[in-house]
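Below, chains carry the letters A, B, ... as their sequence lines are ordered, and counting in each starts from 1. Worth knowing before you read on, the calculation uses all heavy atoms, side chains too, and leaves out hydrogens, waters and symmetry mates.
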Amino acid sequence: DTGVSQDPRHKITKRGQNVTFRCDPISEHNRLYWYRQTLGQGPEFLTYFQNEAQLEKSRLLSDRFSAERPKGSFSTLEIQRTEQGDSAMYLCASLGSGETQYFGPGTRLLVL
Amino acid sequence: AQTVTQSQPEMSVQEAETVTLSCTYDTSESNYYLFWYKQPPSRQMILVIRQEAYKQQNATENRFSVNFQKAAKSFSLKISDSQLGDTAMYFCAFMNSNSGYALNFGKGTSLLVTP
């Protein structure tokens with residue numbers, strides 16, 4: 001069990017650029033979740049996958065956001081035409097036994 | 001929609017003392033899970049303790065215990081014998097099957113343990 005990993009850990013980009021984040025869940029976990037956390041707030045749910053199927057998307061996930069989980073393994077979260085308001089920590093988690101979610105270290109995004 | 005409220009933005013406790021963090025939630029569901037997660041400064045979110053709503057017995061994990069009052073929709077976390085390493089943000093979270101087991105977090109309580 002190597003835990004949930006995320007890459008990159010930090011990303012600085014200019015407004016209008018596209019960015020992509022990757023999450024590798026714990027290998028035997030079928031469900032994968034993405035959250036966004038802004039400074040001083042709790043994480044907010046964005047979307048989740050059951051294997052390769054994206055089953056739910058939050059209203060926070062605007063049209064500029066897209067997530068995929070090809071083959072039900074790793075997942076990517078892409079933000080197109082980034083805005084300063086996208087600056088946040090993006091967290092990934094996978095669901096294990098006892099309905100417990102295990103979190104990765106997060107990707108901190110700063111949009112200049 | 002379920003809401004989770006943590007009414008204490010910041011708390012402080014001396015080393016070796018006991019502290020209780022409050023959490024209330026609102027739901028019409030009867031089956032759900034409640035969690036406390038810890039997020040140390042610049043480090044990742046880790047599970048502290050979990051409680052299944054159908055279980056009347058309060059969960060305990062070493063120095064951490066909860067007071068789960070289902071009728072009052074209250075889920076407080078007690079940390080005994082506080083240690084410097086307990087300094088962190090603590091988030092209360094709600095989960096049930098209706099939301100695909102996605103977590104609904106409170107805003108967090110920043111806990112500082114002082115020597």
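In this structure, the side chain to side chain contact (heavy atoms under 4.5 Å, CB included) partners of Ala53(A), at least two apart in sequence or on a different chain, are Leu55(A).
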No hydrogens needed, just list the donor-acceptor pairs between chain B and chain A under 3.5 Å.
from: Tyr37(B); atom 1: OH; to: Gln101(A); atom 2: N; distance (Å): 3.3
from: Tyr37(B); atom 1: OH; to: Gln101(A); atom 2: O; distance (Å): 2.7
from: Gln39(B); atom 1: OE1; to: Gln37(A); atom 2: NE2; distance (Å): 2.9
from: Gln39(B); atom 1: NE2; to: Gln37(A); atom 2: OE1; distance (Å): 3.0
from: Gln44(B); atom 1: NE2; to: Phe103(A); atom 2: O; distance (Å): 2.8
from: Arg50(B); atom 1: NE; to: Gly98(A); atom 2: O; distance (Å): 3.0
from: Arg50(B); atom 1: NE; to: Thr100(A); atom 2: OG1; distance (Å): 3.3
from: Arg50(B); atom 1: NH2; to: Gly98(A); atom 2: O; distance (Å): 2.4
from: Gly100(B); atom 1: O; to: Arg31(A); atom 2: NH1; distance (Å): 2.9
from: Gly100(B); atom 1: O; to: Tyr33(A); atom 2: OH; distance (Å): 2.5
from: Tyr101(B); atom 1: O; to: Tyr33(A); atom 2: OH; distance (Å): 3.4
from: Tyr101(B); atom 1: O; to: Gln101(A); atom 2: NE2; distance (Å): 2.7
from: Leu103(B); atom 1: N; to: Tyr35(A); atom 2: OH; distance (Å): 2.9

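Contacts of Met95(B) with chain A are made by side-chain atoms alone, with heavy-atom separations under 4.5 Å and no backbone atom involved. Within the 4.5 angstrom heavy-atom criterion, atoms from both the backbone and the side chain of Leu103(B) approach chain A.
Residue pairs satisfying the disulfide (SG to SG under 2.5 Å) criterion with at least one member in residues 17-112 of chain A, sequence neighbours excluded, are listed as follows: Cys23(A)-Cys92(A). The disulfide (SG to SG under 2.5 Å) analysis of residues 3-101 of chain B, with sequence neighbours excluded, yields the pairs Cys23(B)-Cys92(B).
In the hydrophobic cluster analysis, where Ile, Leu, Val, Met, Phe, Trp and Tyr join through side-chain heavy atoms closer than 4.5 angstrom, Leu111(B) is grouped together with Val4(B). Leu95(A) and Phe35(B) fall within a single hydrophobic cluster, where Ile, Leu, Val, Met, Phe, Trp and Tyr are joined by side-chain heavy atoms under 4.5 Å apart, directly or via other members.
Within 6.0 Å of NZ in Lys78(B) there are 12 or fewer heavy atoms belonging to other residues, nucleotides or ligands. Counted within 6.0 Å of CG on Leu84(B), heavy atoms from surrounding residues, nucleotides or ligands total more than 12; the atom is thus considered enclosed.
Interface remark: of the candidates Ala93(A), Gly42(A), Gly106(A), Gly42(A) forms the most heavy-atom pairs closer than 4.5 Å to chain B.
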